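Take a look at the structure set out below.
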Amino acid sequence: MGKTKQPKPIDLARKPRGFPDKRENLIHAEQDMIEKITGVYRRWGFEGLETGAFEYADALGKFLPDDDRPNAGVFALQDDDEQWMSLRYDLTAPLARFAAENWQTLPKPFRRYAAGPVWRNEKPGPGRFREFLQCDADTVGAAGAHADAEMIAMAAEAMRAAGAANGEFTIRVNTRRLLNAVLETVGASEDSTRLTILRALDKLDKFGVSGVADLLGAGRMDESGDFTKGAGLDAAGVKQVLAFAEAGRSTRSETLEALGQAVGTGEEAAAGLAELDAIARGLEALGAPESDVTIDPSVVRGLEYYTGPVFEAELLKETVDEDGNTVRIGSVGGGGRYDDLVARFTGEKIPATGFSVGVSRLAAAFSISGVIGELNGPVVVLNMDREDPSEALKLATELRSTGIRAEAYMGSSGMRPQMKYADRRGAPAVIMVGSDELEKGVVTIKDLKEGARQAAAIASNEEYREARPGQFEAPRADMIARIQAILEADQ
RNA sequence: GCAGCCUUAGCUCAGUUGGUUAGAGCGCCGGUUUGUGGAGCCGGAGGUCCUUGGUUCGAACCCAAGAGGCUGUACCA
């Protein structure tokens with residue numbers, strides 16, 4: 001037909017990477033997770049707060065050093081007054097802005113939780129999205145280590161509530177002060193060197209000791225042959241940093257002792273040790289088990305606004321996708337102390353600490369390992385009379401009126417496709433009323449789950465169709481009760 | 001961003017040394033005499049072989065550039 005080339009309709013149906021479509025099961029899993037996590041936050045005394053998706057870019061503080069455009073990591077656009085606005089990349093920066101704006105009237109310390117989408121313009125991958133849900137709790141205006149300990153203990157409880165079982169996760173705790181102390185002892189004074197060392201440390205669990213040693217020294221070659229330049233430490237420096245990074249032991253007190261040896265006697269080192277010691281005591285008082293929370297000197301976290309303790313929630317359980325590949329999920333949450341963030345707005349230094357669960361990533365991990373259950377669909381009333389669907393409509397209405405989730409089949413296909421439809425919807429049961437049933441004053445009900453169980457023992461297709469497994473007739477007046485019985489048995 | 005690999009139907013892949021209307025399996029859609037989901041039977045839809053340019057009488061196949069994807073790595077407030 002056309003000589004001019006038109007894009008085929010299907011070519012237009014493309015989804016930007018990292019912006020996930022979510023169907024029933026995932027939506028439900030995520031919402032359920034958010035309810036459970038915020039339930040924990042509320043029980044610990046935090047109050048809800050919602051803020052908008054956009055913040056002024058300068059409120060988020062993301063500008064390239066000598067550029068008036070927001071950094072590439074955020075999605076940004078200019079308002080009609082030319083001001084740059086950015087989609088929030090976390091829930092902490094908006095909280096800091098809110099706290100600063102309303103500081104006069106807030107109860108102090110201000111304890112709030114928040115849940116919602118955030119956006120990051122980064123390269124997506126398995127469990128990594130450009131739009132994803134976070135669920136945060138923060139305490140603003142509390143300087144003591146007990147506030148950090150509370151965050152950490154509550155984080156463990158939130159992970160449990162979200163569905164991670166004993167031994168499937170861990171919260172790893174460290175403090176920036178100790179990291180600074182180590183950087184001092186190896187004489188890393190240049191900012192770029194310090195960053196490279198910290199980033200290398202952060203990869204201990206990913207690349208192992210030898211990989212990190214390479215990154216601390218000359219550099220590391222990845223498996224595609226690409227080379228990453230290292231921090232350029234000499235052998236003694238590499239050894240010192242690794243000794244620190246590997247000071248983790250199985251209990252918090254043992255780790256603290258090992259760290260005491262590895263970190264030296266400087267002022268910053270002493271402050272860091274004291275900080276972790278205070279947190280450890282807080283954790284004891286809060287009853288956080290050793291298996292939930294460990295002290296791990298290789299935890300670094302985001303490099304910008306954390307000023308003291310940092311912590312990270314990690315899924316330990318291996319996630320294996322349906323092709324049998326192990327998918328690396330990594331961190332599913334994190335947090336720490338950020339004593340200078342609110343000061344950017346108020347000028348007054350206001351200490352704060354918080355924790356964030358990456359709900360989308362956690363749900364993705366569960367989804368990849370196939371542990372998210374299928375939800376039941378509605379009861380489907382088949383339409384047996386293509387000329388007049390009234391009977392099906394009536395039956396569906398009757399079911400709904402008692403609170404049962406039900407629908408009449410709305411398509412125009414025959415019996416078999418209608419059954420396939422019900423199957424695909426995950427319907428617990430279908431109801432059939434044709435001329436036979438009408439005459440006899442009965443309904444035919446098919447329990448699809450029970451039918452599937454029985455069908456497993458049937459070999460031939462002929463027999464299968466004759467047996468009509470899971471199917472029975474009931475007086476019309478008993479329909480509701482029989483369906484309710486099926487729904488209950490299904491719970 | 002950098003590096004490696006990849007691109008033929010919804011998916012997984014065949015496609016002979018370059019040779020007429022490009023195939024399979026699975027999946028999908030429908031029918032199978034009121035009226036039955038999985039694996040029976042019958043039928044059907046679906047592909048400018050990523051794009052553009054070149055070589056050639058002739059290109060899914062050869063060459064070049066581009067785009068997109070996957071993986072690793074960097075970055076990740």
Side-chain angles (χ1 to χ4, degrees), chain A residues 2-3 5-8 10-11 13-14 17 57 60-64 70-74 86 88-90 92-93 96 118 120-126 128-130 195-196 199 202-203 206-207 211 215 219-229 300-306 323 325 327-328 330-331 334 336 338 341 358 380 382-386 411-427 429-439 444-471:
Chain A
K3 287 185 186 105
K5 210 175 289 180
Q6 300 246 343
K8 282 181 302 182
I10 194 67
D11 291 336
R14 295 183 306 135
R17 276 176 44 77
L60 296 179
K62 282 307 282 189
F63 282 89
L64 296 170
N71 188 323
V74 302
S86 297
R88 63 187 184 200
Y89 54 79
D90 69 11
T92 308
V118 301
R120 297 186 188 184
N121 195 2
E122 292 163 8
K123 181 185 161 186
R128 302 179 57 104
F129 310 102
R130 294 203 284 177
L195 278 179
T196 309
R199 283 167 187 159
D202 201 29
K203 294 185 169 63
K206 193 172 182 180
F207 296 151
L215 283 172
R220 176 178 178 274
M221 184 93 74
D222 75 27
E223 61 194 56
S224 72
D226 199 21
F227 185 74
T228 307
K229 195 169 180 297
V300 175
R301 299 278 317 153
L303 303 162
E304 198 87 14
Y305 56 53
Y306 291 120
D323 297 331
N325 303 315
V327 179
R328 188 187 177 76
S331 162
Y338 47 99
L341 190 56
V380 174
L382 303 195
N383 181 15
M384 315 296 285
D385 185 341
R386 291 193 207 193
S412 55
S413 298
M415 192 70 189
R416 185 168 156 130
Q418 292 196 42
M419 286 300 295
K420 286 180 83 154
Y421 171 82
D423 189 43
R424 192 168 290 184
R425 288 298 306 276
V430 298
I431 290 176
M432 296 166 258
V433 175
S435 48
D436 280 2
E437 284 87 352
L438 276 177
E439 243 170 65
T444 296
I445 295 172
K446 183 159 188 162
D447 180 337
L448 291 182
K449 314 276 169 177
E450 176 59 23
R453 268 191 292 278
Q454 289 179 20
I458 300 175
S460 89
N461 188 267
E462 229 173 39
E463 192 187 337
Y464 169 75
R465 293 181 74 172
E466 267 168 32
R468 302 192 167 170
Q471 186 168 323

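A, B, ... follow the sequence lines: proteins, then strands. Residue 1 opens every chain. Keep in mind that this is a model prediction, so the values were computed, not measured.
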(message) Taking any heavy-atom pair under 4.0 Å as a contact, classify A:Glu466: base, sugar-phosphate, or nothing.
(response) nothing
(message) Can you tell me which nucleotide in B:C76, B:A3, B:U36 comes closest to the side chain of A:Asp226?
(response) B:A3
(message) Counting only side-chain nitrogens and oxygens, does A:Lys123 get under 4.0 Å of the OP1 or OP2 atom of B:C2?
(response) no
(request) May I ask you to say what A:Ser413 touches in the nucleic acid, namely base, sugar-phosphate or nothing, with a heavy-atom cut-off under 4.0 Å? (result) sugar-phosphate
Give me the distances for all protein-to-nucleotides 25-28 of chain B N/O pairs that come in under 3.5 Å?
residue : atom : partner  : partner atom : Å
B:C28   : OP1  : A:Arg424 : NH2          : 2.9

(request) Report yes if a donor N or O on one partner sits less than 3.5 Å from an acceptor N or O on the other, where the partners are the side chain of A:Arg416 and the base of B:U32; otherwise report no. (result) yes
(request) Report yes or no: is there a donor-acceptor pair, N or O only, under 3.5 Å between the side chain of A:Arg199 and the base of B:C75? (result) no
(request) Write down the distance between CE (A:Met415) and C1' (B:U32), rounded to a whole number of angstrom. (result) 14 Å
(message) Does A:Lys229 reach a base, just sugar-phosphate, or nothing at all? Heavy atoms under 4.0 Å.
(response) nothing
(message) Rounded to whole Å, please give me the gap between CZ in A:Arg465 and C1' in B:G40.
(response) 8 Å
(request) Give A:Ala459 one of three labels, base, sugar-phosphate or nothing, depending on what nucleic acid heavy atoms sit under 4.0 Å from its own. (result) base
(request) Just compare B:A77, B:C70, B:U34 and give me whichever is closest to any side-chain atom of A:Asp436. (result) B:U34
(request) Give A:Arg128 one of three labels, base, sugar-phosphate or nothing, depending on what nucleic acid heavy atoms sit under 4.0 Å from its own. (result) base
(request) Using atom CG of A:Asn461 as one end and atom C1' of B:G37 as the other, report the distance to the nearest whole Å. (result) 11 Å
(message) With rounding to the closest Å, how many angstrom separate the C1' atoms on B:C11 and B:U33?
(response) 36 Å
(message) Is it the case that B:G35 (base atoms only) and A:Glu437 (side chain only) share a donor and an acceptor within less than 3.5 Å, ignoring hydrogens and angles?
(response) yes
(message) Rounded to whole Å, please give me the gap between CD in A:Gln454 and C1' in B:A39.
(response) 18 Å
(request) Please measure how far the C1' atom in B:U56 lies from the corresponding atom in B:A14, and state the result in whole Å. (result) 26 Å
(request) Using whole Å, report how far CD1 of A:Ile458 lies from C1' of B:G40. (result) 14 Å
(message) Give the dot-bracket line for RNA chain B from 5' end to 3' end: parentheses for intra-strand Watson-Crick or G-U pairs under 3.5 Å, square brackets for crossings, | for inter-strand pairing, dots for unpaired.
(response) (((((((..((((.....[...)))).(((((.......))))).....(((((..]....))))))))))))....
(request) Indicate whether OP1 or OP2 belonging to B:U34 is found under 4.0 Å from a side-chain N or O atom of A:Ser435. (result) no
(request) Between B:C61 and B:C29, how far apart are the P atoms? Round to whole Å, please. (result) 34 Å
(request) Rounded off to whole Å, could you give me the NZ-to-P distance for the A:Lys206 and B:G72 pair? (result) 8 Å
(request) Return the value, rounded to whole Å, for the distance between atom CG of A:Leu60 and atom P of B:A77. (result) 14 Å
(request) Mind checking A:Pro126 for me? I need base, sugar-phosphate or nothing, with any heavy atom below 4.0 Å counting as a touch. (result) sugar-phosphate
(message) Measuring from the side chain of A:Arg17 (C-beta onward, heavy atoms only), which nucleotide among B:G69, B:A77, B:G35 has the closest atom?
(response) B:G69
(request) Compare the minimum distances between each of B:A74, B:G35, B:A39 and the side chain of A:Gln471, then state the nucleotide with the smallest one. (result) B:G35
(request) For A:Asp202 and B:C76, give me the distance from atom CG to atom P, rounded to whole Å. (result) 10 Å
(request) Taking only the side-chain nitrogens and oxygens of A:Arg88, find out if one of them lies under 4.0 Å from OP1 or OP2 of B:A77. (result) no
(request) Would you name the heavy atoms of A:Met384 and A:Val433 that are closest together and state the gap between them? (result) CG-O, 3.1 Å
